[in-house]
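Structure record follows, encoded as structure tokens.
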Amino acid sequence: MKPKKKILIADDEIQIHKLLTAVLSSDEFDIIHAYDGQETVERVDDEMPDLIVLDIMMPVKDGRDICQDLKKNPKTKNIKILMLSGRDQQFDRTLGLEIGADDYETKPFSPSSLARKIQWMCEKE
């Protein structure tokens, strides 16, 4: 039996947490929650997740800043980051990938498609 992957959901919208928790609940994942940028940084330090679903616009610290900081840090640079944002312009997507995000998904999203993407990202090393 393979160990569970830790998924950190970092978003200030409670509905996003509920939805992703519902579609990701399984024996494969441990779900961790953060509701603002500072809490996200603390959860990463405490839990060292395998993947972060990271909202861009959050209180206290912006998701782009968090992504850049994590990718520059040797301890956290290999954590996979899936940016999740209501910003759907090509510029936003390109910027997210340029600062180190492994993938970019826009809101609204298909819960089942996002769950498959997360599963796929966790499987590839």
Of all the heavy-atom pairs spanning [X] and [Y], show the shortest one and how long it is.
X: Ala10; Y: Ile52; value: CB-CG2, 4.4 Å
X: Ala101; Y: Met83; value: CB-CG, 3.2 Å
X: Cys67; Y: Gly100; value: SG-C, 3.8 Å

Using the test side chain to side chain contact (heavy atoms under 4.5 Å, CB included), find all partners of [X] that sit at least two apart in sequence or belong to another chain.
X: Leu19; result: Phe109, Pro111
X: Ser85; result: Ile56, Arg87, Tyr104
X: Thr21; result: Ile9, Ser25, Ile31, His33

Test salt bridge (charged side-chain N to carboxylate O under 4.0 Å, His left out) applied to [X] - qualifying residues, sequence neighbours left out:
X: Glu42; result: none
X: Glu28; result: none
X: Asp103; result: Lys117
X: Asp62; result: Arg64

* Verify the distance criterion only: is there a donor paired with an acceptor across the side chains of Arg116 and Ser113 at less than 3.5 Å? => yes

Nearest 0.5 angstrom please: [X] [atom1] to [Y] [atom2], how far?
X: Gln68; Y: Glu98; atom1: CD; atom2: CD; answer: 10.5 Å
X: Asn73; Y: Asp69; atom1: CG; atom2: CG; answer: 8.5 Å
X: Asp50; Y: Asn78; atom1: CG; atom2: CG; answer: 11.0 Å

* Residue pairs passing the ring-ring contact (aromatic ring centres under 6.0 Å, His included) test where at least one lies in residues 35-68, sequence neighbours excluded -> His17-Tyr35

* **Positive for side-chain contact (heavy atoms from CB on, under 4.5 Å) with Leu70, one of Ile81, Leu54, Val41** => Ile81

* side-chain contact (heavy atoms from CB on, under 4.5 Å) partner of Asp12, the single match among Asp55, Asp36, Val60 -> Asp55

Side-chain heavy atoms nearer than 4.5 Å, only ILVMFWY residues, links allowed to pass through others: does that put [X] and [Y] together?
X: Ile14; Y: Ile16; value: no
X: Leu82; Y: Ile32; value: no
X: Ile66; Y: Leu8; value: yes
X: Phe29; Y: Leu84; value: yes

* To do: Using the side chain to side chain contact (heavy atoms under 4.5 Å, CB included) rule, take Cys122 and Ile7 through it: C-alpha gap first, then chi angles, then the decisive distance, then the call.
  => CA-CA 9 Å; Cys122 284; Ile7 309 294; 3.4 Å; yes

* Is the closest basic N to carboxylate O distance between Lys107 and Asp11 below 4.0 Å? -> yes

side-chain hydrogen bond (donor to acceptor under 3.5 Å, both in side chains) partners of [X], counting only residues at least two apart:
X: Asp30; result: none
X: Lys18; result: none
X: Asp102; result: Lys71
X: Lys4; result: none

* Just do the side chain to side chain contact (heavy atoms under 4.5 Å, CB included) check on Met48 and Thr76 with the steps written out, would you? => CA-CA 8 Å; Met48 286 303 292; Thr76 58; 4.1 Å; yes

* Could you go step by step and tell me if Val44 and Ile79 meet the side chain to side chain contact (heavy atoms under 4.5 Å, CB included) rule? -> CA-CA 9 Å; Val44 170; Ile79 296 173; 3.9 Å; yes

* Asked: Step by step, would you call Val23 with Leu114 a side chain to side chain contact (heavy atoms under 4.5 Å, CB included)?
  -> CA-CA 9 Å; Val23 297; Leu114 186 60; over 6 Å; no

